[in-house]
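Residue numbers begin at 1 in each chain, while the letters A, B, ... track the order of the sequences.
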Protein chains: 2
Amino acid sequence: MVTIVDVARHAGVAPSTVSYVLTGKRPVSAETRMRVGESIRLLGYQPHAGARALAGSRTNVLALVLPLREGVHLPVVMRFASSVVTTAREHDMDVLLVTADEGAAGLRRVAGTARVDGFLVMDVELDDERVPVLRELGRPAVLLGHPAVANGLTCVDLDFEAAGARCVDHLVELGHRTIGFLGAPGAVYARNTGFARRTLAGFSAAAMRRGVASTALPAERHRDAVRAVVGTLLRELARMTALVVHNEAVLGLVVECLRAEGRRVPEDVAVVAICPDELAEQLRLTSVRLPADVLGRRAVELLMAKLGGQHPPALTLLPPKLFSRTG
Amino acid sequence: MVTIVDVARHAGVAPSTVSYVLTGKRPVSAETRMRVGESIRLLGYQPHAGARALAGSRTNVLALVLPLREGVHLPVVMRFASSVVTTAREHDMDVLLVTADEGAAGLRRVAGTARVDGFLVMDVELDDERVPVLRELGRPAVLLGHPAVANGLTCVDLDFEAAGARCVDHLVELGHRTIGFLGAPGAVYARNTGFARRTLAGFSAAAMRRGVASTALPAERHRDAVRAVVGTLLRELARMTALVVHNEAVLGLVVECLRAEGRRVPEDVAVVAICPDELAEQLRLTSVRLPADVLGRRAVELLMAKLGGQHPPALTLLPPKLFSRTG
DNA sequence: ATGAAAGCGCTAACAT
DNA sequence: ATGTTAGCGCTTTCAT
């Protein structure tokens, strides 16, 4: 194995100089930097990660904590993971994959054994057991999905409030004056789930501001429930010409039920969804996308900033982008 | 930070004894083992991964190399990754996520910096640039997907030949005597892609053995091509009552085209697919599943065996399982 | 069955 | 601008 001493000898310098060339943590004359670089290439030197971690107390690895079980929308998770790895590599970081199944114990383990420098945690719930642990571990962390109460922790998420509003604005611009909102199951709102509430708030406020008539209803997963909700909306909001759906699980059913009621989509009822892109693509619906790729990149950048000693804002909200798919 | 020396002092033993308690690499009297264990728990000691890697030249990390881009079936990749992480943890291993995008350079990097003990590589192609590199690196590796020519390398895959045969056997048992086969695009066979060829071989041999009439045709992705192929099959194989489809990209279209031709599925034409489970589930088709979870588990187990100095078989083929979804 | 001590390869003071 | 050197925390001979 080629060590830093071999390189130093070959270049006729001290080991520390090689180290400094590599890390840039102190100035090295252009000439020696060249020579050392040359030796490194020639000998094919690659620093030993373990030795580095031991001496420098930096691993250059970040933990990516993902919900790998069913239930979550896998393609979104993948897109996010892909974006995280790519961005991490741009910062010379590697990514350790930890499943959410391991819970707080997993965080304790990888931090305690000094395997990682920081955490990227997806799908954090409001009263997540991992939040206090993360705080206790004291390592830089960035939370994703449903931001928790910030307190030294950093969160990134889509700006769901703006997303709700964006749907209304779009529909109003198309001339709609009566807009329905079909949301998550009632329990989700009861549980005070951040993203669901915020979307609804954004929708309602925008409807108010735009002076359009609106009604919002929750929807359970089963077909019958969806049919009932759609029926109620059509009855209550008789002149409804547009519907915002924030419930990816029943999106397809909603369209199906509308058609079963004799409404053409989008001619009679324009449907705008807040959901992963490929789902909207598949159903050919206008949508506000869940930007997993941007989220991943941003999350890594925030984590790197924290690792660099900076103090990024506790909450970063990504502006929603609406994709029109009329036709 | 709690170190091994702290534990040793607390338990009144030498550091090496603590190490041996942890690794089990030499016998320790039950009594001291107890005492040391107690101290470990009390102090909350967790060994420093970097120090361990440096001194012991074992990282307890394995590299998982995944195709994270579009094109591959994301849910299958996720299920595989999930299974790999779970199984790895059972062996006290962590998983470093490497994207296939990094190519051979990524393998060189994580091996060269001593970040991982071994490799799990998904979606290996027949003339993959990574195969020679893997061999050169000399670290244990297990390849998945389309096994390459084994040569010190270990491969796992679904037994596609058996899968092709299984479909025929199932259909024959249901009484079908004329069976069509609709495969991947022609280029895939021309390229000598292992899994496609083997499936076809299994199908043909079984058809022959069972004495059923059969015709196999490749299918391109576009709707028109699919319609044409389905038309050809129905014409050439006039009495065809069953169809085996090994092309997940067009599976939905195939069913659609059959129905457009006035054939009910499965009453007039029984369709059996070789594809990921959830796709078959969604289309309600009988299928041979791609067992991503079993594959992941088995891959890790093979890698662990190699890390333990064993020499597992160069090729492991998983028996296909057929799921009947008639109704 | 246990202890003592020599590294593993690197970083970061401390020198010059 | 560069060199010297003392650890970082662990494993593993070599002793006893």
Side-chain angles (χ1 to χ4, degrees), chain A residues 1-37 39-40 43-61 92 109-117 307 309, chain B residues 1-37 39-40 43-61 92 94 109-117 307:
Chain A
M1 190 207 186
V2 184
T3 76
I4 200 170
V5 176
D6 299 325
V7 175
R9 193 158 28 219
H10 185 272
V13 299
S16 57
T17 300
V18 177
S19 175
Y20 288 120
V21 166
L22 250 23
T23 64
K25 286 191 181 171
R26 98 177 174 188
V28 175
S29 77
E31 198 215 342
T32 48
R33 197 167 47 236
M34 289 299 309
R35 253 209 340 282
V36 170
S39 301
I40 289 177
L43 304 182
Y45 168 66
Q46 293 183 277
H48 187 289
R52 268 193 137 157
L54 181 54
S57 58
R58 245 317 278 239
T59 63
N60 275 272
V61 176
D92 197 30
R109 183 172 54 78
V110 294
T113 56
R115 256 201 207 301
V116 303
D117 296 328
L307 283 171
Chain B
M1 191 209 187
V2 183
T3 74
I4 200 171
V5 176
D6 300 325
V7 176
R9 194 157 28 217
H10 186 271
V13 298
S16 56
T17 301
V18 177
S19 175
Y20 287 121
V21 167
L22 252 22
T23 63
K25 288 191 180 170
R26 97 177 174 188
V28 176
S29 78
E31 196 215 343
T32 49
R33 195 167 47 235
M34 289 298 310
R35 257 213 333 286
V36 170
S39 301
I40 288 177
L43 304 183
Y45 168 68
Q46 294 184 276
H48 188 289
R52 264 191 138 158
L54 181 54
S57 58
R58 251 243 14 192
T59 63
N60 276 273
V61 177
D92 195 31
D94 266 300
R109 183 172 53 80
V110 295
T113 57
R115 259 203 203 300
V116 302
D117 295 329
L307 283 171

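- Of the listed nucleotides (D/dT12, C/dA13, C/dT11), D/dT12 has the atom at the smallest distance from the side chain of B/Lys25.
- Listed nucleotides: D/dG9, D/dA1, C/dG3. Nearest to the side chain of B/Val13: C/dG3.
- The listed nucleotides are C/dT2, D/dA1, C/dG9; the one nearest the side chain of A/Ser29 is D/dA1.
- With C/dC10, C/dT2, D/dG9 as the candidates, the nucleotide lying closest to the side chain of A/Tyr45 is C/dC10.
- Nearest to the side chain of A/Ser16, among C/dG7, D/dT5, C/dC10, sits D/dT5.
- Comparing C/dT11, C/dA1, D/dT11 by their nearest atom to the side chain of B/Pro27 picks out C/dA1.
- With D/dT12, C/dC10, C/dT2 as the choices, the nucleotide that has an atom nearest any side-chain atom of B/Ser19 turns out to be D/dT12.
- Distances shorter than 4.0 Å separate none of the side-chain N or O atoms of B/Thr17 from OP1 or OP2 on C/dT2.
- Residue B/Ser57 is classed as having no contact, given no heavy-atom separation below 4.0 Å to the nucleic acid.
- Side chain of B/Ala51, nearest nucleotide from C/dG9, D/dC10, D/dG3: D/dC10.
- Of the listed nucleotides (D/dT11, C/dA4, C/dT11), C/dA4 has the atom at the smallest distance from the side chain of B/Ala14.
- Evaluation of atom-type donor-acceptor distances gives a pair under 3.5 Å for the side chain of B/Arg26 against the base of C/dT2.
- Considering only side-chain atoms of B/Leu54, the nucleotide from C/dC10, C/dG9, D/dT11 that sits closest is C/dG9.
- Of the possible donor and acceptor atoms, none in the side chain of A/Thr113 sits under 3.5 Å from a partner among the backbone N and O of B/Ala49.
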